[in-house]
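Remarks on the structure that follows.
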Amino acid sequence: MEVRVRYAPSPTGLQHIGSVRTALFNYLFARSQGGKFILRLEDTDRSRFSDAYVQNMYDTFSWLGFYWDEGPDLGGPCKPYIQSERFELYREHAQRLVALGKAYYCFCSDKAAAAEPSNPAEGDGQDEAPAGFGYPRTCRALDPAEAKRRADAGESHVIRLKIPLEGTTKFTDLLLGDIEWKNADVNPDPVLLKSDGYPTYHLANVVDDHLMGISHVMRAQEWIPSAPLHMIMYDAFGWTPPALCHLPMVLGQDGHKLSKRHGSTAVDEFRTKGYLKEALINYVAMLGCSYEDGRDLFSLEDLSRLFTIEHINKAPAVFDYVKLEWFNGQYIRMKGDEELVSLMTPYLAAAGLVGDKPSAAESALLLAAAPLVRERLKYLSDAPAALAFLFTEPPLPPLEEFIPKKLDAARAKAALALCKQLLAAVGVDSHEEAEAAFRSKAEAEGFKLGDLLMPLRVAVTGTKVSPPLFESIKVLGVDKALPRIDRAMEALS
RNA sequence: GUCCCCUUCGUCUAGUGGUUAGGACACCGGGUUUUCAUCCCGGCAACAGGGGUUCGACUCUCCUAGGGGAUACCA
């Protein structure tokens with residue numbers, strides 16, 4: 001049987017790192033099985049829907065670079081792939097269930113149907129017997145013909161699924177094994193078709209998964225409680241359900257479902273911060289799953305080949321921003337000069353250091369600068385601060401920045417004078433020669449090499465922390481460095 | 001409250017009856033080094049608890065505890 005899996009986001013918010021992980025697992029499973037990965041837009045919540053979120057969804061996956069085989073933009077044999085465009089389908093199916101006696105019209109107001117404990121605790125620990133929550137199934141007792149007449153007459157209604165009052169529903173989860181529910185514990189008669197005519201997730205997802213030939217449903221474990229409900233629906237329709245696989249959740253440091261309070265969660269935020277897609281994909285793929293023992297760097301292609309359900313963990317995983325940062329550093333260091341330049345350019349441009357389309361001169365400068373920062377960037381957004389001195393004259397730092405420990409302003413100024421001399425005499429075209437010259441001069445004049453270089457570093461780059469000095473000056477140009485030294489010497493006078 | 005799922009170093013994980021319980025991140029030491037990084041070497045650190053099964057349990061089973069999730073006309 002052909003493997004067909006889907007990612008079914010709801011455009012009611014920015015793409016979340018947790019959902020993207022679900023998408024990735026689905027994608028990897030499809031690829032590893034030679035199957036198809038399908039995108040379906042679940043835009044049935046009209047109150048929270050926004051076009052901006054749809055756009056964000058496309059932007060996110062275009063950026064990440066793993067894409068679906070069928071979807072709203074690509075088309076495919078099961079189109080349309082947008083649920084709002086399949087509107088009629090759901091009504092038909094809901095009514096079919098009503099006709100089958102598996103569902104019923106409900107005229108209760110939203111409020112009357114609201115979930116609430118039928119036996120609130122008294123508060124002293126002497127709790128009453130369970131009783132449960134949820135819709136009290138009021139309209140289930142209505143006469144079907146009468147109900148149909150009221151619905152046809154235009155009375156506001158929803159359609160609810162009849163959950164069997166007795167018995168159990170069981171299913172086999174590919175990861176978790178057999179799971180059995182007492183029907184009495186299943187959400188009592190959930191809404192299938194809302195009063196606005198749109199389906200709820202439960203109806204739409206079952207109808208579409210069936211119609212689109214979805215073979216495996218991989219989704220987060222938070223969905224487990226609605227699985228029996230879906231199984232009951234497949235059974236009511238007389239359909240064979242897809243295989244189910246509930247993926248471990250992603251938690252924040254405090255052990256709760258990952259959310260904004262834990263830090264960035266929107267893929268957009270990671271992107272803006274300067275994470276590489278390779279790092280994000282690699283890291284997220286390893287949350288709750290392992291590949292080859294002993295290896296930790298995997299490309300999307302590697303993952304596509306190595307992915308297996310057997311290697312997914314059952315336990316939830318904590319999202320570790322620190323480890324993601326390490327991955328990011330690893331991938332930044334793997335970039336060649338040109339690619340690193342193109343990755344950094346938007347950040348540099350945003351900081352006003354270069355034009356949006358860098359000039360030839362700027363490009364040359366960037367290319368020369370890439371090797372200086374590659375080992376030093378944690379995020380692409382670190383680039384502007386690290387390279388600003390190449391594009392603008394840095395503001396004069398506080399004087400104490402120039403003065404090495406145990407030395408004074410006069411000594412610092414003397415050091416700068418020596419540096420200026422050396423720069424003029426030997427230049428920095430050759431690191432070896434420059435270093436040798438500075439080293440012997442330092443020794444001759446009673447400076448530690450670091451104490452000689454630090455004032456120069458601060459004068460030229462504006463900070464005590466910079467890329468390697470000689471290389472930096474070489475890229476900047478000695479002619480641009482000298483005035484900065486003069487400026488510093490004056491300030492120290 | 002009720003139901004369901006889960007449980008190896010702080011974190012991500014390897015491990016499928018017999019291992020000195022391995023790796024990675026973090027952390028702590030040390031080395032390289034003109035700052036910061038990178039890089040290299042070393043160290044710390046875990047099978048939730050209790051019953052079984054077994055010659056032998058991290059591995060199988062049961063119970064307890066703890067954690068998480070679900071209990072919507074949101075997905």
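Each chain gets a letter, A, B and so on, in the order its sequence line appears, and its residues count up from 1.
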Between B:A26 (P) and A:Phe327 (CZ): distance, integer Å: 11 Å
Closest to the A:Asp293 side chain, choosing from B:G69, B:A14, B:C73: B:A14
Same-atom distance (P) from B:C4 to B:C63, integer angstrom: 12 Å
Counterpart residues, side-chain contact (heavy atoms from CB on, under 4.5 Å), relative to A:Pro468 (two or more places apart): A:Arg376, A:Glu471
Presence of donor-acceptor pair under 3.5 Å, side chain of A:Arg333 and base of B:U38: no
Nearest to side-chain heavy atoms of A:Leu449, which nucleotide of B:C5, B:A37, B:U34: B:U34
Residue matched to B:U20 through Watson-Crick or wobble contacts both under 3.5 angstrom: none
d(CG, A:Asn187; P, B:U2) in whole Å: 18 Å
First of A:Pro9 and A:Asp296 reached from the 5' end of RNA chain B, by closest nucleotide: A:Asp296
N/O (side chain, A:Ser290) to phosphate O (OP1/OP2, B:A14) under 4.0 Å: yes
5' precedence on RNA chain B between A:Glu180 and A:His202 (nearest-nucleotide basis): A:Glu180
Stretch residues 160-169 of chain A: residues that reach within less than 4.0 Å of RNA chain B through a heavy atom: A:Arg160
Selection from B:A75, B:A24, B:U34 that lies nearest to any side-chain heavy atom of A:Asp45: B:A75
Whole angstrom value for the distance that separates C1' of B:C3 from CZ of A:Phe171: 12 Å
Ring pair (Phe, Tyr, Trp, His ring centres under 6.0 Å) against A:Tyr379, all qualifying residues, sequence neighbours excluded: A:Tyr275
Beyond-backbone contact of A:Arg6 with A:Tyr81, side-chain heavy atoms, under 4.5 angstrom: no
Qualifying residues under ring pair (Phe, Tyr, Trp, His ring centres under 6.0 Å), relative to A:His262, sequence neighbours excluded: none
Candidates B:C73, B:U35, B:C4 - which lies nearest the side chain of A:Ile224: B:C4
Whole-Å P distance, B:U2 and B:C28: 46 Å
Separation of atom CE in A:Met57 from atom C1' in B:A75, rounded to whole Å: 15 Å
Protein-nucleotide distance (A:Arg376, atom CZ; B:C39, atom C1'), rounded to Å: 12 Å
Non-neighbouring partners of A:Glu401 that pass side-chain contact (heavy atoms from CB on, under 4.5 Å), sequence neighbours left out: A:Pro397, A:Pro398, A:Val458, A:Lys464
OP1 or OP2 of B:C39 under 4.0 Å from side-chain N/O of A:Gln330: yes
For A:Asp320, all residues meeting salt bridge (charged side-chain N to carboxylate O under 4.0 Å, His left out), sequence neighbours excluded: none
Set of ring pair (Phe, Tyr, Trp, His ring centres under 6.0 Å) partners for A:Phe171, sequence neighbours left out: none
Whole-Å C1' distance, B:A45 and B:U64: 27 Å
Residues from residues 251-266 of chain A lying under 4.0 Å of RNA chain B - heavy atoms: A:Gly255, A:His256, A:Lys257
A:Phe470 side-chain proximity, nearest of B:A75, B:A24, B:U34: B:U34
Watson-Crick or G-U wobble partner of B:U7, both distances under 3.5 Å: B:A65
Check: B:A24 base within 3.5 Å donor-acceptor of A:Lys323 side chain: yes
Whole-Å gap separating C1' (B:C12) and CG (A:Asn282): 12 Å
Span that lies between the P atom of B:C62 and that of B:C5, in whole angstrom: 12 Å
Pairing of A:Asp451 and A:Lys405 as salt bridge, 4.0 angstrom limit: no
Short side-chain N/O contact from A:Arg439 to OP1 or OP2 of B:U34, under 4.0 Å: yes
Stretch residues 315-322 of chain A: residues that reach within less than 4.0 Å of RNA chain B through a heavy atom: A:Ala315, A:Pro316, A:Ala317, A:Val318, A:Asp320, A:Val322
Among B:G69, B:U38, B:C6, the nucleotide that comes nearest once only the side chain of A:Pro225 is considered: B:G69
Basic-acidic side-chain contact under 4.0 Å: A:Lys335, A:Glu278: yes
C1' gap between B:C58 and B:U13, integer Å: 14 Å
Distance between P atoms of B:U16 and B:G52 (Å, rounded): 27 Å
Candidate nucleotides B:C4, B:U38, B:A75, ranked by approach to the side chain of A:Glu375 - the nearest: B:U38
Salt bridge (charged side-chain N to carboxylate O under 4.0 Å, His left out) pairs, two or more places apart, involving residues 245-263 of chain A: A:Glu222-A:Lys257, A:Asp254-A:Arg261
Same-atom distance (P) from B:G1 to B:A37, integer angstrom: 49 Å
A:Arg219 side chain to A:Ile224 backbone, donor-acceptor under 3.5 Å: no
A:Glu155, CD atom: more than 12 neighbouring heavy atoms under 6.0 Å: yes
Nearest listed nucleotide, side chain of A:Ser195, among B:C73, B:C74, B:U35: B:C73
d(CZ, A:Arg91; C1', B:C73) in whole Å: 13 Å
Whether over 12 other heavy atoms sit under 6.0 Å from A:Lys448 NZ: no
Summary of ring pair (Phe, Tyr, Trp, His ring centres under 6.0 Å) pairs that have at least one residue in residues 444-470 of chain A, sequence neighbours excluded: A:Phe438-A:Phe470
Protein-nucleotide distance (A:Tyr283, atom OH; B:C12, atom P), rounded to Å: 8 Å
Between B:A65 and B:G50 - P atom distance, rounded Å: 15 Å
Side-chain N or O of A:Asn313 closer than 4.0 Å to phosphate OP1/OP2 of B:U7: no
Check: A:Ser466 side chain, B:C36 base, donor-acceptor under 3.5 Å: no
Nearest listed nucleotide, side chain of A:Val465, among B:C73, B:C6, B:C36: B:C36
For B:U71, the Watson-Crick or wobble counterpart (both distances under 3.5 Å): B:G1
Listed partners of A:Tyr321 passing ring pair (Phe, Tyr, Trp, His ring centres under 6.0 Å), at least two apart: A:Phe319
Identified pairing partner of B:C28, criterion: Watson-Crick or G-U wobble below 3.5 Å: B:G42
